[in-house]
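Notes for the one structure printed next.
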Amino acid sequence: MNYKETINLPLTEFPMRANLNQKEPEFLKEWEEKGIYKKQREMSQGRPKYVLHDGPPYANGRIHIGHSINKILKDIVVKSRQMSGFDAPYVPGWDCHGLPIELQVDKDLGAKKQGMSKVDIRKHCREYAGKFIDIQRDEFKRLGILGDWDNPYLTMDYAYEAATARELGKFFEKGSVYKGRKPVHWCSSCQTALAEAEVEYNEKTSPSIYVKFSGQWPVVSGRLKDLIGERQFAFVIWTTTPWTIPANMAIAVHPDYEYSIIEVSDHRPTATGHSLLILATELVPSCMEKWGISDYKTLGKIKGEELKGIVCKHPFIERNSVVVTGIHVTLDAGTGCVHTAPGHGEDDYRIGLEYGLEIYTPVDKAGKFTSDVPFFAGEYVFKANKSVIEKLSEVGALIKEESIQHSYPHCWRCKGPIIFRATEQWFISMERNDLRKKAIDAISTEIRWIPHWGKDRILGMITNRPDWCISRQRTWGVPITVFYCKGCGEIFSEKRAFDHVVSLFEKGGADVWYEKDVKELLPPDVKCKKCDASEFEKEMDILDVWFDSGVSHAAVLEKRNDLQSPADLYLEGSDQHRGWFHSSLLASMGTRDRAPYKAVLTHGFVVDGEGKKMSKSAGNVVAPQEVIKKYGAEVLRLWVAAEDYRDDIRISENILVQLSEAYKKIRNTFRYLLSNLYDFDPSKDMLQYKDMLEIDRWALQRLHNLTTRIEKSYDDFEFHAIYHSAHAFCVNDLSSFYLDILKDRLYTAKKDSVERRSAQTALYHILDSLLRLLAPIFSFTCEEAWRQMPKVEGREESIHLALFPKPKEEWKSGDLLEGWEKIRSVREEALKVLEIARKEKMIGNSLEAEVTLYAPEELYKFLKGYEEQLKYIFIVSGVILYSEDRGKPVEVTVARAQGQKCERCWNYEVSVGINSSHPTVCNRCVQAVS
RNA sequence: GGGCCUGUAGCUCAGUUGGCUAGAGCACACGACUGAUAAUCGUGAGGUCGGUAGUUCGAGCCUACCCAGGCCCA
């Protein structure tokens, strides 16, 4: 008799090798054809909603690894919330406006751009964005992300553009928007503002001058007065842009640095006649040497903080220049006293705002001094350098002039040097309507930050940020839809005008602003409030794209029936504390007095195996497309789940190899479970819990534990804990223990015996639960295995339509864990001793062994209850149990098993040979085959 | 330079309010099996917990400084 045919060996069509890169697209196709996402929505009608609102990626370029982690994390969140009983829709979005696309289109168009209208250029930008949306959409879908890919939201949708204008209108209505001045990079030959991305830094030779700003004397009070009495004094500043001297408003010192009052013999007659110079102590020796002054002494020293408020005179203009403090002051170069022209520099501007200085820019768009400026009116600034230096020299304020080579910003287009020039810009005030305060309150009290330190991070940013500059001098965006009176220049920004424009945008998009005449853009019968004129012109600035995406709660969450506002979660990289979380919060607080989200989750950035950031130049960039090709999207998903996303996220070949090994282990576990269920019909063969063997009930209790732990981890967004506990479960509980023990029973017991059905019942529950629990991560593999599960009435056609498992209370109440923990530790002891026997060539297969246990009384009593099972648990042919305390928790010895090897079950048994019709098998097998 | 964050075996992660010889899985080495087989099982060897100094009876955990790295600013 061929006994091999009488045993129940595993059988399955679920392949061991995944072949992911080939098979994944087939699943994607099926999900799409079957409309799985739509079916999710239908079946979830009436369930509580869980809205994760997608932060729109920029519609430019192919996706990189950072996109992948972001979208996969979102997908895991959405799928897990869906499976835990929510209606969790996912509506992806794209950020479409903005400079990078405009620049790219500009480049692509080249000379053709000459003579093209703004509308034409905008059409090209729209096409360009559309092209990359299609590319990215395919790449995102390839990752296994389920969502409403046919109806995403685009910030360039007409309705979205209309909503953007509408939200802007609300800010105007509340009086939060004002027009102010701010320095921007300015090319005087192109006569245009430049963004940081359009600025190139090249070497340039500039004048380098040291200039005295004489103090108003006598000093009225303070430490300086104590030190110098009523003597004349001067601060010495250094600059490489003499032409900005006419716009000087202040002198900045560092509050913490020490400054010296230097007395020099006044060998150069000056207009101010003073001989006390003030500069940073640390720079005194080098400056004196440079200025050729050897004869000097220090009269006193004073901290920068104590100089604050001292008033100086402009060297040649009737104006004061006040001493202020700023931490941007450095000792790298110069004198530690910084010439401050708020209209011509970023730091200067900031200081200007802080101290309420005038943002003074007496330079026109061609880079020429305005008529405002005495002596130099009409001169081109770079040429005026010379005149300014001469003037300074003439008034005796110039200490030293030389030239310097340094890196200086240039225009990328015309290559000429650029200037900082304050221009009119639109701002949303952080103070009006208490925007800052409200935002801070919401951050601290209403919103959950994951990880918790996200709160401190964004709090610091909101607390310290300046007013929001929302205007850009650009083409590809949503225009700031206000008007100016032609008569008096008064701004016209009434609600009815906004409403009118919004309704036009809804039909034709923001392009109408450029296509239509002012008259058509305004509601009828509009008159200037100030001068009663009825002729207007339109603003040509567009909105900052952060405003676009910042209003997505209004344009998307509030508008779509499948979504709702506020969102339950925003989930992006930690750079978005300054970006989208920030702008969305301000946009919503400013118009609705509430945050657009209840919780914010951030993830870190992808870095290489050494923890270094990825860059083309470092050559350590990992492309998701390559990973998918080599390992499959599933392994990429596993990578996202396995790493702790709160920190930087490392990726390397090593890590991917390791994860694909882990993937194989889990896949094989699924496969093995399936292969032992080939003849199991749950509707007929499933046993009641009470009828199951104890070890099978133990397995269900472990499963119950695992289920609880994993569901909690999903709840807490602790995905890496899910991977680790699931993997550990497969390896420790299942593969090396439970399944290993079960083989004997599954293979050799009668097909429909209670013993075998009991095991299969447990396996069925385990597989069913594992697939459901892991589907949000292993979206492809769990689906693949789901289809191989024994057929059951009412099973969902896709696992993505199923819910998380519902473990039965009785599984947990079995209270078997502690006892089986004891058994496992005794087993471990036995395995160690068996290994020694194996080394000594006493045995090979553990079934060749018989084990003897010497256990102290208490343990002995416990083990006695399992005496018959122990040999199967240890996978040996016999276990002999003695009550004997040998000074150890348990002592184990090994001997060759007695009896003959049973041909059928491979156990060694003294009963082999007894039965004459089955002389080569043991008693147990005789029962099984007869 | 500033704000926020991170640093535990080769890799991915645990490590509760400071309390025994710091854990797991993988990888690795050696071995077993050939009824999960491009699988499976066993045993073993891996760590001055980034560094230094301090607080404490006691520090991976607390404090200071330093080093390395990340994001955001300047």
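Not measured: the values here are computed from a predicted model. Letters go in sequence order (proteins before strands), and every chain restarts at 1.
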Expressed in angstrom and rounded to an integer, what is the separation of [X] atom [atom1] from [N] atom [atom2]?
X: A/Arg465; N: B/A74; atom1: CZ; atom2: P; answer: 11 Å
X: A/Phe729; N: B/C26; atom1: CZ; atom2: P; answer: 16 Å
X: A/Asn70; N: B/C71; atom1: CG; atom2: P; answer: 16 Å
X: A/Tyr678; N: B/G35; atom1: OH; atom2: P; answer: 15 Å
X: A/Phe581; N: B/C71; atom1: CZ; atom2: P; answer: 16 Å
X: A/Trp546; N: B/C72; atom1: CH2; atom2: P; answer: 10 Å
X: A/Lys612; N: B/A68; atom1: NZ; atom2: C1'; answer: 8 Å
X: A/Tyr872; N: B/G35; atom1: OH; atom2: P; answer: 19 Å

- Under 5.5 Å and under 30°: A/Trp906 stacked on B/G35: yes

With [atom1] as the reference atom in both, quote the distance from [N] to [M] in angstrom, rounded to an integer.
N: B/C65; M: B/C71; atom1: P; value: 24 Å
N: B/U16; M: B/G23; atom1: C1'; value: 14 Å
N: B/G54; M: B/U12; atom1: C1'; value: 34 Å
N: B/C49; M: B/A24; atom1: C1'; value: 16 Å
N: B/C33; M: B/C41; atom1: C1'; value: 7 Å
N: B/U8; M: B/C72; atom1: P; value: 23 Å
N: B/G10; M: B/C73; atom1: P; value: 36 Å
N: B/A27; M: B/C13; atom1: C1'; value: 14 Å

- Query: Could you go step by step and tell me if A/Asp740 and A/Lys743 meet the salt bridge (Lys or Arg N to Asp or Glu O under 4.0 Å) rule?
  - Reply: CA-CA 6 Å; A/Asp740 210 23; A/Lys743 285 171 190 167; 3.0 Å; yes

Assign [X] to base, sugar-phosphate, or nothing according to its heavy-atom contacts below 4.0 angstrom with the strands shown.
X: A/Ala642; result: sugar-phosphate
X: A/Arg650; result: sugar-phosphate
X: A/Asp347; result: sugar-phosphate
X: A/Ile655; result: sugar-phosphate

- Query: For A/Tyr723 and B/G25, is the shortest distance between a side-chain N/O and OP1 or OP2 below 4.0 Å?
  - Reply: no

- Task: Taking the six-membered ring of A/Phe14 (Phe, Tyr or Trp), confirm whether the NZ or CZ of A/Arg667 is under 6.0 Å from its centre and within 45° of its axis.
- Result: yes

- Query: Within 45 degrees of the axis of the six-membered ring of A/Tyr872 and under 6.0 Å from its centre: does A/Arg745 put its NZ or CZ there?
  - Reply: no

Watson-Crick or G-U wobble partner of [N], both distances under 3.5 Å:
N: B/C30; value: B/G42
N: B/G47; value: none
N: B/C57; value: B/G19
N: B/G7; value: B/C67

- Query: In B/S/- notation, 5' to 3', how is nucleotides 39-44 of chain B contacted by protein heavy atoms closer than 4.0 Å?
  - Reply: SSSBSS

- Per-nucleotide protein contact string for nucleotides 1-10 of chain B, where B marks a base within reach and S marks sugar-phosphate only (heavy atoms under 4.0 Å, - for neither): --BBSS----

- Message: Counting the benzene-type ring for Trp, do A/His64 and A/His67 have ring centres under 6.0 Å apart?
- Response: yes

If you check the [X] side chain, which of [options] turns out closest?
X: A/His724; options: B/U12, B/A36, B/C71; value: B/U12
X: A/Asp644; options: B/A74, B/C13, B/C73; value: B/C13
X: A/Asp575; options: B/C71, B/U12, B/G25; value: B/C71

- A/Gln760: which of A/Asp696, A/Asn8, A/Asp679 passes side-chain hydrogen bond (donor to acceptor under 3.5 Å, both in side chains): A/Asp679

- Query: If each of A/Glu610 and A/Glu903 is mapped to the nucleotide of RNA chain B with the nearest heavy atom, which maps nearer the 5' terminus, i.e. the 5' end?
  - Reply: A/Glu903

- Taking for each residue the nucleotide of RNA chain B bearing the nearest heavy atom, is the 5' side occupied by A/Tyr672 or by A/Gly611? A/Tyr672

- By salt bridge (Lys or Arg N to Asp or Glu O under 4.0 Å), A/Lys303 pairs with (sequence neighbours left out) none

- Syn versus anti for B/G25, judged by chi lying within 90° of 0? anti

- Decide salt bridge (Lys or Arg N to Asp or Glu O under 4.0 Å) for A/Glu653 and A/Lys630; before the verdict, give the C-alpha distance in whole Å, the side-chain angles of both, and the deciding distance to 0.1 Å. CA-CA 11 Å; A/Glu653 203 58 33; A/Lys630 193 162 174 191; 2.7 Å; yes

- Item | Side-chain H-bond candidate by donor/acceptor type, A/Asp544 with A/Trp468, under 3.5 Å | yes

- Would you sort out whether A/Lys664 and A/Asn668 count as a side chain to side chain donor-acceptor pair (under 3.5 Å), showing the intermediate values? CA-CA 6 Å; A/Lys664 281 183 202 162; A/Asn668 262 327; over 6 Å; no

- Task: May I ask you to decide if the ring planes of A/Phe737 and A/Trp820 are parallel, tilted or perpendicular, using 30° and 60° as cut-offs?
- Result: perpendicular

- Task: Decide salt bridge (Lys or Arg N to Asp or Glu O under 4.0 Å) for A/Glu848 and A/Arg838; before the verdict, give the C-alpha distance in whole Å, the side-chain angles of both, and the deciding distance to 0.1 Å.
- Result: CA-CA 10 Å; A/Glu848 292 161 28; A/Arg838 199 172 279 128; over 6 Å; no

- Query: With a 4.0 Å cut-off, would you call A/Arg350 and A/Asp347 a salt bridge?
  - Reply: yes

